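Notes follow once the structure below has been shown.
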Amino acid sequence: MRRAIFIIVILLLLAFGAFRVGQWLVRPRIEATPKPTAYTPADGPKLDTRDVPKLTAIDEEYTVLVEKVLPAVVSITSKRITQLGPAGINPLDLLYGKRRGGQPQPQTETSLGSGVIVSREGHVLTNNHVVEGMNEIVVQLSDERTFTARLLGTDPDVDIAVLKIDGPNLDPLPIGNSDNVRVGQLVFAIGNPFGLSETVTAGIISAKSRRAMRDATVEYLQTDAAVNQGNSGGPLINLRGEIIGINTAIYSRSEDAGWMGISFAVPSNVARRALDSVLKRGRIARSYLGVTMTNLSPELAASLHTDSTEGAVVTDIVPGSPAERAGVRPRDILRSFNGRPLRDMSALRSRLNEVDIGTRVELGVIREGAEMRLTAEIGEAPKR
């Protein structure tokens with residue numbers, strides 16, 4: 001028996017030795033005295049900048065644009081401190097008893113985002129979801145200065161928040177007119193993805209009037225500029241260095257999938273209205289027409305003497321509302337708002353988000369098959 005075990009051990013040792021020798025034989029050997037080998041690098045670039053003057057000019061102009069706008073783009077770190085309640089009991093407490101006299105332990109949640117300075121006084125636009133419910137908001141500039149920001153106002157319905165920082169030599173960006181944005185135009189998204197501040201990505205406007213969510217009250221700008229976690233609240237800018245949108249969401253099949261080439265931005269006109277409301281009233285005040293509406297089905301359109309399902313039908317009017325004062329009636333079809341077509345009632349909500357209280361707007365109406373124009377003065381929505 002012992003002899004058999006001894007033979008097996010010897011065979012195993014021989015097999016292992018053969019395996020190691022084989023590894024040594026097949027692995028590349030490093031020469032003890034390496035011989036010099038020929039290496040001839042390229043003489044220089046394949047093209048001189050004079051060979052591609054237009055591309056060189058574009059490259060230079062992109063660089064100049066980014067250098068001009070970066071000082072206005074900020075990184076935002078917001079924190080929320082909560083107490084660990086009964087639902088968050090540490091399993092170790094069951095074995096060893098609660099620590100610190102049985103008191104709940106504070107928990108800190110941190111959110112990273114981006115923003116953009118829009119005034120020399122230090123007003124900053126960002127997304128509501130970047131700062132919502134947070135106890136502390138810290139803004140860091142491209143020159144490494146940091147400020148504790150105050151939250152002046154927020155509009156969860158359009159996902160815009162207005163912050164305020166106090167500091168010298170702030171360099172704001174102008175807010176452009178998102179109505180003038182064209183599909184196909186070049187844009188840049190700048191922000192703080194994954195904590196990588198001052199990240200610039202380029203793309204085009206892929207589409208306008210997109211609804212990222214079914215019940216959205218905003219018609220977003222769609223772009224293929226890369227946007228990731230932390231980009232939220234950063235600016236989407238055009239070639240003039242104007243803010244045309246606030247980056248807010250991406251299309252993704254799952255939370256782990258990340259950016260898939262489709263990003264959404266709140267149009268700058270919507271963000272501007274939120275800012276103006278805070279500056280004028282010290283809070284977000286929502287615009288209001290005072291109508292209840294429904295979308296047009298083919299059957300409803302036929303009963304209202306129209307062949308098109310574009311627009312929205314007024315089903316009810318709030319007494320004393322701007323709509324009633326303008327002469328709007330039930331069964332009216334609203335087809336346009338200040339000259340812009342309304343495809344459905346969601347489009348009307350989006351247009352209202354772009355105009356301030358007190359603005360006089362022209363409503364395109366179809367009543368009993370006849371076209372007419374009515375003028376309404378937008379009011380302030382009652383508190384919910």
Side-chain angles (χ1 to χ4, degrees), residues 69-80 109-142 145-167 170-176 178 187-201 212 217-218 220-221 223 225 227-237 242-250 263-279 282-284 353:
V69 302
L70 272 181
V73 182
V74 303
S75 301
I76 297 176
T77 303
S78 50
K79 297 179 181 179
R80 173 168 51 210
E109 297 179 28
T110 302
S111 172
L112 296 178
S114 308
V116 58
I117 301 171
V118 293
S119 76
R120 298 192 185 280
E121 290 76 20
H123 294 91
V124 176
L125 287 178
T126 187
N127 284 144
N128 170 70
H129 74 259
V130 172
V131 298
E132 186 175 23
M134 295 298 177
N135 305 120
E136 180 184 7
I137 304 170
V138 176
V139 171
Q140 180 174 320
L141 277 58
S142 61
R145 287 185 292 168
T146 59
F147 302 92
T148 299
R150 305 193 308 277
L151 179 60
L152 298 186
T154 181
D155 190 341
D157 287 349
V158 299
D159 200 15
I160 290 294
V162 181
L163 310 179
K164 179 70 165 61
I165 59 175
D166 297 314
L170 300 177
D171 191 7
L173 286 186
I175 302 177
S178 52
V187 291
F188 295 85
I190 308 178
N192 181 38
F194 306 113
L196 302 172
S197 59
E198 301 178 38
T199 295
V200 182
T201 57
T217 59
V218 175
Y220 296 96
L221 300 176
T223 174
V227 169
N228 285 288
Q229 183 180 353
N231 270 114
S232 292
L236 188 70
I237 65 169
E242 298 171 321
I243 303 165
I244 59 171
I246 299 296
N247 300 310
T248 190
I250 63 172
S263 309
F264 300 101
V266 177
S268 57
N269 287 355
V270 175
R272 186 205 306 273
R273 202 211 70 81
L275 174 65
D276 289 345
S277 178
V278 168
L279 295 179
R283 56 185 172 83
I284 297 290
N353 284 328

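Keep in mind the model is a prediction, meaning the values are calculated, not measured. Below, all heavy atoms of this structure are taken into account, side chains as well, without hydrogens, waters or symmetry copies.
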I'd like to know if the side chain of [X] reaches the main chain of [Y], judged simply by a donor and an acceptor atom lying under 3.5 Å from each other, with no hydrogens or angles considered.
X	Y	answer
S197	S75	no
S78	T110	no
S178	N269	yes
N228	P193	no
D155	A274	no
R272	G176	yes
S263	A225	yes

Just so I know, are the side chains of [X] and [Y] near enough to count as touching, which here means a heavy-atom distance under 4.5 Å?
X	Y	result
L125	L275	yes
T154	V162	no
I190	V69	yes
H123	L279	yes
L152	L163	no
T223	L236	yes
I137	T148	no
F264	I250	no

How far apart are the closest heavy atoms of [X] and [Y], and which atoms are they?
X	Y	result
V227	A189	CG2-CB, 4.2 Å
T126	G233	OG1-CA, 3.5 Å
N247	P235	ND2-O, 3.2 Å
V131	A161	CG2-CB, 3.8 Å

Who pairs with D166 by side chain to side chain donor-acceptor pair (under 3.5 Å), at least two apart in sequence or on another chain?
-> R150, K164
For E109, which residues count as a side chain to side chain donor-acceptor pair (under 3.5 Å) partner, sequence neighbours excluded?
-> R80
Test I160 against N128 for side chain to side chain contact (heavy atoms under 4.5 Å, CB included), laying out the working first.
-> CA-CA 5 Å; I160 290 294; N128 170 70; over 6 Å; no
Only residue of V200, I244, L173 satisfying side-chain contact (heavy atoms from CB on, under 4.5 Å) with I237 is L173
Holding to side-chain contact (heavy atoms from CB on, under 4.5 Å), I want the full list of residues that pass it with [X], two or more places apart in sequence or in another chain.
X	answer
S232	N127, H129, V130
L141	V74, I117, V139, D143, R145, F147, I165, L170
E198	L70, S142

Step-by-step side chain to side chain contact (heavy atoms under 4.5 Å, CB included) determination, V116 to I246 | CA-CA 9 Å; V116 58; I246 299 296; 4.0 Å; yes
Full working for side chain to side chain contact (heavy atoms under 4.5 Å, CB included) between I76 and N192 | CA-CA 8 Å; I76 297 176; N192 181 38; over 6 Å; no
ring-ring contact (aromatic ring centres under 6.0 Å, His included) partners of F188, counting only residues at least two apart | Y62
Taking atom CD of Q140 as the centre, does the number of heavy atoms from other residues, nucleotides or ligands within less than 6.0 Å exceed 12?
-> yes
Given N231 and S114, is the side chain to side chain donor-acceptor pair (under 3.5 Å) satisfied, shown in steps?
-> CA-CA 6 Å; N231 270 114; S114 308; 5.0 Å; no
